[in-house]
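Structure first, then comments.
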Amino acid sequence: MGRMELHITGDADADQLLSDDAFALLTGMLLDQQVTMESAFAGPEKIRTRLGSLNPATIAEYDPAGFVEVFKERPAVHRFPGSMAARVQDLAATVHAEWDGDAAAIWTRGNPDGPEVLRRLKALPGFGEQKAKIFLALLGKQCGLQADGWREAAGHYGEEGSYLSVADIVDPESLVKVRASKQAAKAAAKAAKA
């Protein structure tokens, strides 16, 4: 996979870590709920700074109560430190046990096609259908993933020229567009319920 330069968080160190470390990117996606996208994807850098490592084995074996404290330290990693710390540890344990600690193997091992990458992502703790599709789109649009059929497998998140998710954020302008489309989608969902 090609070297990528991601620009998601507006923080150079946090973006660099996402660009360099596949597990950081996966963790950012996991944290991306009920907080802003920038805050979620800046989380891995906070964890790395506080633990001195983002190694899945280190995180999986870390004392759970201590790991919650790492999340709570200000600025907090996530607004729900207890549940999200546990999820990150579950994810780390899965990557460590099933992928030999190499998160990138999830989308590279055995040269999988798009539907297979999606299946592997959905098997991860904390990754539902939508999260898995968005992450697949992020891999394809920004991380050089060449898997056959990734766009189709990612659904509308895979469409070219869309501004639907973190997969489409490449600079401050696109961040604004994605935020607007997410707000519009939320409003539409609310209206449909009413």
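None of the values given here were measured: they were computed from a predicted structure.
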*Do Glu98 and Arg109 meet the salt-bridge criterion of a basic N to acidic O distance under 4.0 Å?*
no

*asked:* Any carboxylate oxygen within less than 4.0 angstrom of a Lys/Arg side-chain nitrogen, looking at Glu159 and Arg151?
replied: no

*With rounding to the nearest 0.5 Å, note down the distance linking CH2 in Trp107 to CG in Leu145.*
9.0 Å

*Side-chain donor or acceptor of His78 paired with backbone N/O of Gln33 under 3.5 Å*: yes

*Roughly how far, to the nearest 0.5 Å, is CZ of Phe41 from CG of Asp11?*
14.0 Å

*Check the pair Val95 / Phe23 against side chain to side chain contact (heavy atoms under 4.5 Å, CB included), numbers first and verdict last.*
CA-CA 8 Å; Val95 170; Phe23 183 69; 4.0 Å; yes

_Counting only heavy atoms not in Glu61 (residues, nucleotides, ligands), do more than 12 fall under 6.0 Å from its CD?_
yes

*So which heavy atom on Pro56 is nearest to which on Gly101, and how close?*
CG-O, 3.7 Å

*Under the 3.5 angstrom rule, does the side chain of Lys141 hit a backbone N or O of Tyr157 as a donor-acceptor pair?*
yes

*asked:* Is it the case that the side chain of Glu129 and the backbone of Lys122 share a donor-acceptor pair, with hydrogens and angles ignored and the cut-off at 3.5 Å?
replied: no

*Test salt bridge (Lys or Arg N to Asp or Glu O under 4.0 Å) applied to Asp21 - qualifying residues, sequence neighbours left out*: none

*asked:* For the backbone of Ile169 and the side chain of Gln142, can you confirm whether one donor and one acceptor N or O come within less than 3.5 Å of each other?
replied: yes

_Looking at Lys131 and Met29, would you say the former's side chain and the latter's main chain have a donor-acceptor pair under 3.5 Å?_
yes

*Distance-minimising heavy-atom pair for Val77 and Arg50*: CG2-NH1, 3.6 Å

*Side chains of Thr9 and Asp15: do they bring a donor and an acceptor to under 3.5 Å?*
yes

*Starting at SG of Cys143, measure out to CG of Leu6 and round the result to the nearest 0.5 Å.*
5.0 Å

Mind listing the side-chain donor-acceptor pairs of residues 181-194 below 3.5 Å, one per line with the distance, residues two or more places apart or on another chain?
unit_1, atom_1, unit_2, atom_2, d
Ser181, OG, Tyr163, O, 2.4
Ser181, OG, Val178, O, 3.1

*Linking I/L/V/M/F/W/Y whenever any side-chain heavy atoms sit under 4.5 Å apart, do Val88 and Val68 land together?*
no

*Rounded to the nearest 0.5 Å, how far apart are OG of Ser174 and CD1 of Ile8?*
9.5 Å

*Any side-chain heavy-atom pair of Phe71 and Ile47 under 4.5 Å*: yes

*asked:* Are the side chains of Ser162 and His156 in contact, using a 4.5 Å heavy-atom criterion?
replied: no

_Please determine whether the number of non-hydrogen atoms from other residues, nucleotides or ligands lying under 6.0 Å from atom CG of Asp148 exceeds 12._
no

*Is the backbone of Leu54 close enough, under 3.5 Å, to the side chain of Arg48 for a donor and an acceptor to pair up by distance?*
no

*asked:* Tell me the closest heavy-atom pair linking Ala22 and Ala104, and the distance in Å.
replied: CB-N, 3.7 Å

*Give the minimum heavy-atom separation between Leu18 and Pro44, together with the two atoms involved.*
CD2-CG, 4.3 Å

_CA sep, side-chain torsions, deciding dist, call: His7, Asp171, side chain to side chain contact (heavy atoms under 4.5 Å, CB included)_ = CA-CA 6 Å; His7 299 281; Asp171 55 24; 5.7 Å; no

*Which distance, rounded to the nearest 0.5 Å, do you find between the CD1 of Ile106 and the CZ of Arg120?*
8.5 Å

*asked:* Quick check: closest heavy atoms across Gly66 and Tyr62, and the distance to 0.1 Å?
replied: C-CE2, 3.6 Å

*Enter the distance from Ser39:OG to Met37:CE here, rounded to the nearest 0.5 Å.*
11.0 Å

*Starting from the C-alpha separation in whole Å, work towards a yes-or-no answer on side chain to side chain contact (heavy atoms under 4.5 Å, CB included) for Glu116 and Asp113.*
CA-CA 5 Å; Glu116 172 61 16; Asp113 63 7; 3.2 Å; yes

_For the backbone of Val35 and the side chain of Arg79, can you confirm whether one donor and one acceptor N or O come within less than 3.5 Å of each other?_
no

*Assess whether side chain to side chain contact (heavy atoms under 4.5 Å, CB included) is satisfied between Ile59 and Leu91, documenting all intermediate values.*
CA-CA 9 Å; Ile59 290 174; Leu91 181 66; over 6 Å; no

_Show, in sequence, the C-alpha distance, side-chain angles and deciding distance for Lys177 and Glu173, and conclude whether the salt bridge (charged side-chain N to carboxylate O under 4.0 Å, His left out) test is met._
CA-CA 7 Å; Lys177 289 184 183 169; Glu173 290 72 36; over 6 Å; no

_Using the side-chain contact (heavy atoms from CB on, under 4.5 Å) definition, which of the options Leu30, Leu138, Leu17, Asp20 pairs with Leu25?_
Leu138

*Nearest heavy-atom neighbours spanning Leu164 and Asp168*: N-OD2, 2.8 Å

